[in-house]
Student: 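Here it is, the structure, as structure tokens.
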Amino acid sequence: MSTIPARTRIAPSPTGHMHLGTARVALYDYLLAKKTGGQFILRIEDTDLKRTVPGAEQEIMDGLRWLGLEYDEGPDVGGSYGPYRQTERREIYQHHAKILIDKGHAYPCFCTPEHLDKVRQEQMKRKENPHYDGTCRKLSPDEAARRIANGEAYTVRFKMPQEGVTVAHDHLRGDITTENKQLNDQVILKTDGLPTYHLAAIVDDHEMQITHVLRGSEWLGTFPLHVNIVRAFGWDEPQWIHLSVFLKPSGKGKMSKREAAAAMKDGYSIFIKDMQELGFTPEGVLNWSALMGWGVAEDDVMTVAQMIERFSIDSLTPSPAAINFQKLDHFNATHIRLMSAPDLASRLKPYFIREGLGVDDDVLLKIIPLIRERLTTLDDCVSFGGFFFKDEVSPLPEELIAKGLDAKQSAEILRKSYEILSALAEMSHAAAEPPMRAYVESSGLNINQIFGILRVAITGQKVSPPLFESMEIIGREKCLQRIQNAIGMLGGMG
RNA sequence: GCCCCCAUCGUCUAGAGGCCCAGGACGCAACCCUUUCAAGGUUAAGACCGGAGUUCGAAUCUCCGUGGGGGCACCA
């Protein structure tokens, strides 16, 4: 394991909602930085003005913070390698584009988008690979200078080698060899004076002294370009690590808008901003996404601290991974069970409030042991424990009638229960259960029938936390009142 | 079409030539526990894409197929 402190970065573009893929790369970046005592950096890649959406940058920062992936340097926290927003680094890129031109590694291109489009069409018609035809590569520096002076709009293209091969080294995949004739003279500086990703990322990674570049495998296609740019500058390369992509749950193709919508219908999402609302925890989301692309042999339930402990870029996997939301449920539920009661209580409170329930903090703390292992997502607390915070419950009359009994018999059971329970000074678990069990014994009825009716009367629902523990928390008066109400409902049914 | 990448249970993965008639996790099934629902415990079923090599020996190395994924923009 390398002991050199790693500087890693997550470099999202603010063009839409922050999704799972970004979160997972950020996690690995974070783990590597923390593991080695280095820094984790947020850099906003906003060079495409047309695609930038307002609020997206904030969503990224909120998302990272919600996950607990605090960055050491970034647009809103500063740092000694800023600015951390690429639109604020315009001159840096222009300067570097000029260096490349002066070194003969790049050239101004005056071709219009229309012309380029036409060339591309013709190439495709001839069944050739679409590529830049090299018109401006042949221009003499003098002529190029003259046309620039003339005020002609131009881009800057990187001059790719045309013969031989480019060998790029990826940490997970080894050497990736590409024939240079397959490569293309890509635009690195646009007519608007802003760089494309290819220039911006390379320059920034160097200037910000990034040691490890973790990114999606969708960048493999332009990987040779990137290493050629680094080499043209004469810089040292960072360690390149191309991660696997996420596939949709079926494993057929990557997540699409349509797929994201389908997930939402099932109560899942690939967007970080939705996660909290859906009741997922940062711990669960992190643990889950960490394991898609990271091979851990055993003991796969991990806190972030444990992940830092065990993380290694060598154990990352290069193959595509199908998203499995059931596993998210599992990790989420597991981490909920691992939380301390006060911690869980504070996280649950907003979900009760969201449902318009008034939360008594003492009661909330008391119900934690009762509902904790029943929760898959945090918002499940409402269905399992909402009745604790209501004055009255409204059971469905038909649910008050146990299987095999009629309304009259059920009402009789409730009356008898009332008699037993009202005789108690306190509605404690210890006091209430023995006489009720004795009653079940003597009645000749099934325990599920009697406790079931009582459960519906007390909690208003057929499925609930354990009955007597619940009754203890609800309290004597309220319990007796609820039983009365239920008897009333049954009476009304004739 | 061209280029690149990937390939172990349904899914996520362990496995870096003999420790593997392949281990863990999710899910699934059964049983135990049990006042409902969970949780927990025990058990079961379930995979090395195919074919050639290399080797005494291959899930592990090589090649060829096949399948899957990604890319081929003045987007990232």
Side-chain angles (χ1 to χ4, degrees), chain A residues 11-15 45-48 50-51 109 111-113 116-117 120 124 127-132 153-157 168 170 172-173 176-179 181-184 186-192 194-198 200-201 215-224 242 244-245 247 249-254 288 291-301 314-315 317-331 333-334 337 371-376 380 383-384 433 436-437 440 446-452 454-456 459 461-468:
Chain A
S13 55
T15 53
E45 310 231 329
D46 55 353
T47 56
D48 186 348
K50 288 188 279 299
R51 292 205 311 152
C109 173
C111 296
T112 62
L116 262 17
D117 204 50
R120 208 174 355 256
M124 299 222 291
K127 300 207 164 166
E128 285 175 27
N129 293 336
H131 65 282
Y132 179 58
Y154 68 99
T155 61
V156 175
R157 282 181 189 274
D170 174 81
L172 302 179
R173 299 155 207 267
I176 294 169
T177 304
T178 312
E179 287 189 62
K181 65 175 183 230
Q182 300 292 345
L183 271 19
N184 208 343
Q186 297 282 352
V187 170
I188 56 173
L189 197 72
K190 301 180 284 182
T191 47
D192 65 4
L194 282 167
T196 58
Y197 174 91
H198 314 304
R215 38 147 58 161
S217 66
E218 63 269 24
W219 292 110
L220 242 22
T222 44
F223 188 22
H242 292 88
S244 60
V245 291
L247 269 26
S250 65
K252 306 251 177 253
K254 66 172 184 180
W288 172 59
L291 261 19
M292 286 187 279
W294 175 16
V296 172
E298 280 167 46
D299 299 325
D300 58 2
V301 174
D314 296 337
S315 53
T317 58
S319 41
I323 289 177
N324 181 346
F325 287 115
Q326 286 176 319
K327 211 153 180 170
L328 204 212
D329 279 341
H330 166 257
F331 281 113
T334 303
R337 275 178 253 129
I371 63 173
R372 195 208 311 261
E373 64 258 32
R374 277 162 254 266
L375 305 178
T376 298
D380 286 343
S383 58
F384 279 109
E433 186 167 356
M436 281 303 295
R437 279 193 183 272
V440 170
N446 185 315
I447 195 165
N448 288 332
Q449 292 174 310
I450 293 181
F451 285 13
L454 197 53
R455 179 188 311 284
V456 174
T459 68
Q461 52 203 54
K462 292 182 85 160
V463 173
S464 84
L467 183 55
F468 295 105

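Only a predicted model underlies this, so the values are computations on that prediction, with no experimental measurement involved.
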Student: Quick check: does any side chain N or O of A:Glu128 sit under 3.5 Å from a backbone N or O of A:Arg120, one acting as donor and the other as acceptor?
Tutor: no
Student: Need the pair for B:G10. Rule: Watson-Crick or G-U wobble, both distances under 3.5 Å, any strand; none if unpaired.
Tutor: B:C26
Student: Rounded at 0.5 Å granularity, tell me how far CD1 in A:Ile176 sits from CG in A:Leu220.
Tutor: 4.5 Å
Student: Using atom P of each nucleotide, how far apart are B:C21 and B:A29 to the nearest Å?
Tutor: 30 Å
Student: If we call it a pair only when both distances are under 3.5 Å in a Watson-Crick or G-U wobble match, what pairs with B:A45?
Tutor: none
Student: Which base sits across from B:G40 as a Watson-Crick or G-U pair, both distances under 3.5 Å?
Tutor: B:C32
Student: Scan A:Thr317 against the nucleic acid and name what it touches under 4.0 Å (heavy atoms): base, sugar-phosphate only, or nothing.
Tutor: sugar-phosphate
Student: Once you apply a heavy-atom cut-off of 4.0 Å, does A:Pro224 come out as touching a base, just sugar-phosphate, or nothing?
Tutor: nothing
Student: Report which part of the nucleic acid A:Asn129 touches: base, sugar-phosphate, or nothing (heavy-atom distance under 4.0 Å, all strands).
Tutor: base
Student: Kindly say whether A:Gln186 contributes a backbone atom to a donor-acceptor pair with the side chain of A:Asn184 at under 3.5 angstrom?
Tutor: no
Student: Once you apply a heavy-atom cut-off of 4.0 Å, does A:Pro113 come out as touching a base, just sugar-phosphate, or nothing?
Tutor: base
Student: For the C1' atoms, the ones on B:U62 and on B:G10, what distance do you get once it is rounded to whole angstrom?
Tutor: 31 Å
Student: Just name whichever nucleotide pairs with B:C72, Watson-Crick or G-U, keeping both distances under 3.5 Å, else none.
Tutor: B:G1
Student: At the 4.0 Å heavy-atom cut-off to chain A, mark where contacts on RNA chain B begin and end, going 5' to 3'.
Tutor: B:G1 to B:A76
Student: Under 3.5 Å, is there a donor-acceptor pair between the side chain of A:Thr155 and the main chain of A:Lys190?
Tutor: no
Student: Once you apply a heavy-atom cut-off of 4.0 Å, does A:Thr196 come out as touching a base, just sugar-phosphate, or nothing?
Tutor: sugar-phosphate
Student: Categorize A:Ser244 for me: base, sugar-phosphate, or nothing, with a 4.0 angstrom heavy-atom threshold over every strand shown.
Tutor: nothing
Student: Determine the contact category for A:Ser464: base if any of its heavy atoms lies under 4.0 Å from a base atom, sugar-phosphate if only primed atoms, P, OP1 or OP2 are that close, otherwise nothing.
Tutor: base
Student: What's the gap between B:U36 and B:A25 when it is taken at their C1' atoms, as a whole Å value?
Tutor: 29 Å
Student: Would the distance check show the side chain of A:Gln461 and the main-chain N or O of A:Val463 forming a donor-acceptor pair, the cut-off being under 3.5 Å?
Tutor: yes
Student: Just by distance, do the side chain of A:Gln182 and the backbone of A:Glu179 share a donor-acceptor pair under 3.5 Å?
Tutor: no
Student: What is the nucleic acid contact for A:Val440, judged by heavy atoms within less than 4.0 Å: base, sugar-phosphate only, or nothing?
Tutor: nothing
Student: Contact class for A:Pro14 vs. all strands (heavy atom < 4.0 Å): base, sugar-phosphate, or nothing?
Tutor: nothing
Student: Considering every strand and a 4.0 Å limit on heavy-atom distances, what is the contact class for A:Pro12: base, sugar-phosphate, or nothing?
Tutor: nothing
Student: Tell me what A:Gly216 touches on the nucleic acid: a base, only sugar-phosphate, or nothing, going by heavy atoms under 4.0 Å.
Tutor: nothing
Student: Write down the distance separating the C1' atoms in B:C61 and B:U54, rounded off to the nearest Å.
Tutor: 8 Å
Student: If you measure from the C1' atom in B:G69 to the same atom in B:C26, how many Å do you get, rounded?
Tutor: 23 Å
Student: How do A:Ala322 and A:Lys127 order along RNA chain B: which one's closest nucleotide is nearer the 5' end?
Tutor: A:Lys127
Student: With heavy atoms under 4.0 Å as the rule, sort A:Arg372 into base, sugar-phosphate or nothing.
Tutor: nothing
Student: For A:Thr191, which contact category applies under a 4.0 Å heavy-atom criterion: base, sugar-phosphate, or nothing?
Tutor: base
Student: Judged by each residue's nearest nucleotide on RNA chain B, which is more toward the 5′ side, A:Thr334 or A:Cys109?
Tutor: A:Thr334
Student: Is B:G53 paired to anything, Watson-Crick or G-U wobble with both distances less than 3.5 Å, and if yes, which nucleotide?
Tutor: B:C61
Student: When rounded to the nearest Å, what value does the distance between C1' atoms of B:C12 and B:G46 take?
Tutor: 15 Å
Student: Hey, can you tell me if A:Phe468 and A:Phe451 have their rings parallel, tilted or perpendicular (30° and 60° cut-offs)?
Tutor: perpendicular
Student: Using a 4.0 Å heavy-atom cut-off, does A:Val463 contact any base of the nucleic acid, only the sugar-phosphate backbone, or nothing at all?
Tutor: base
Student: Counting only N and O atoms by type, is there a donor-acceptor contact under 3.5 Å from the side chain of A:Trp288 to the main-chain atoms of A:Phe325?
Tutor: no
Student: Between B:A22 and B:C48, how far is it from one C1' atom to the other, in whole Å?
Tutor: 8 Å
Student: Please determine, for B:G17, whether a Watson-Crick or G-U wobble partner exists with both distances under 3.5 Å, and give it or none.
Tutor: none
Student: So, the side chain of A:Ser250 versus the backbone of A:Lys252: is there a donor-acceptor pair under 3.5 Å, distance only?
Tutor: yes
Student: Provide the distance between the two P atoms, one in B:U66 and one in B:G27, to the nearest whole Å.
Tutor: 38 Å
